[in-house]
Amino acid sequence: MIGRQVPDVTFKTRVRDDSVGGPNPFRWEDKTSSDYFGGKKVVVFSLPGAFTPTCSTYQLPDFEKLAPEFKAKGVDDIYCISVNDAFVMNQWAKSQNLQNIQVIPDGSGKFTRGMDMLVDKDNLGFGHRSWRYAALIEDGKVTKWFEEPGRTDNCADDPYGESSPQNVLAQI
Ligand code: BEZ
């Protein structure tokens, strides 16, 4: 995985635009892999689903809390990716009061598939989702890789440790 270029995909995001007016002033905005990864040093963590317990209680809030320490190590941005649509990801970010982490909706799973991390979670009624991993990515190239062990379809467990912010921080 180290040295690999991230897949070139277009993400369908929803951004606030007060000129839209009305009770839901958001519009679609396409963002590409190069928008997110080009010319920057970023940490990405990808997880099985917005609002799921481990992700909401530990992984996302802990990345949020430790963000200043990542920045002190020269990380420009921290991204949370999930195979969920932009509406879900935005509501999750809002509910977590995120200030330091940007969520990226990979609703169709194209980025996750391109990273070879798309797994079947039909055992939970989830369809296809991301295996849990994190990575340091510099100008679109993976320079550090943190994948949870045992990647498999319909996995009965949800291992969490390798991709924790504490572990990533200690190793970058
Ligand atoms: C969790 O984050 O705890 C979780 C993730 C996927 C499925 C079920 C639970």
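Position 1 is the first residue of the sequence, and the numbers go up from there. Keep in mind the model is a prediction, meaning the values are calculated, not measured. Whatever order the structure lists them in is the order used to number ligands and atoms, beginning at 1.
- Within the structure, every pair that satisfies the ring-ring contact (aromatic ring centres under 6.0 Å, His included) test and touches residues 10-33, not counting sequence neighbours, is listed here: F11-Y36, F11-F111, W28-F87.
- Note on residues 102-118: pairs passing salt bridge (charged side-chain N to carboxylate O under 4.0 Å, His left out), not counting sequence neighbours, are R4-D116.
- Proximity of the aromatic rings of Y79 and F37 is defined here by a centroid distance below 6.0 angstrom, and this criterion is met.
- K40 NZ to D139 CG: the interatomic distance, rounded to the nearest 0.5 Å, is 11.0 Å.
- Of the possible polar contacts, one joining the D76 side chain to the K41 backbone as a donor-acceptor pair under 3.5 Å is found.
- Within 4.0 Å of ligand 1, heavy atoms belong to protein residues P48, T52, P53, T54, C55, L124, F126, R132, D158.
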Show which side-chain atoms of residues 163-172 pair as donor or acceptor with protein atoms under 3.5 Å away, not counting sequence neighbours.
| unit_1 | atom_1 | unit_2 | atom_2 | d |
| --- | --- | --- | --- | --- |
| S163 | OG | Q59 | NE2 | 3.2 |
| S163 | OG | E148 | OE2 | 2.7 |
| S164 | OG | G161 | O | 2.9 |
| S164 | OG | N167 | N | 3.2 |
| Q166 | NE2 | D62 | OD2 | 3.2 |
| N167 | OD1 | Q171 | NE2 | 2.8 |
| N167 | ND2 | E162 | O | 2.8 |

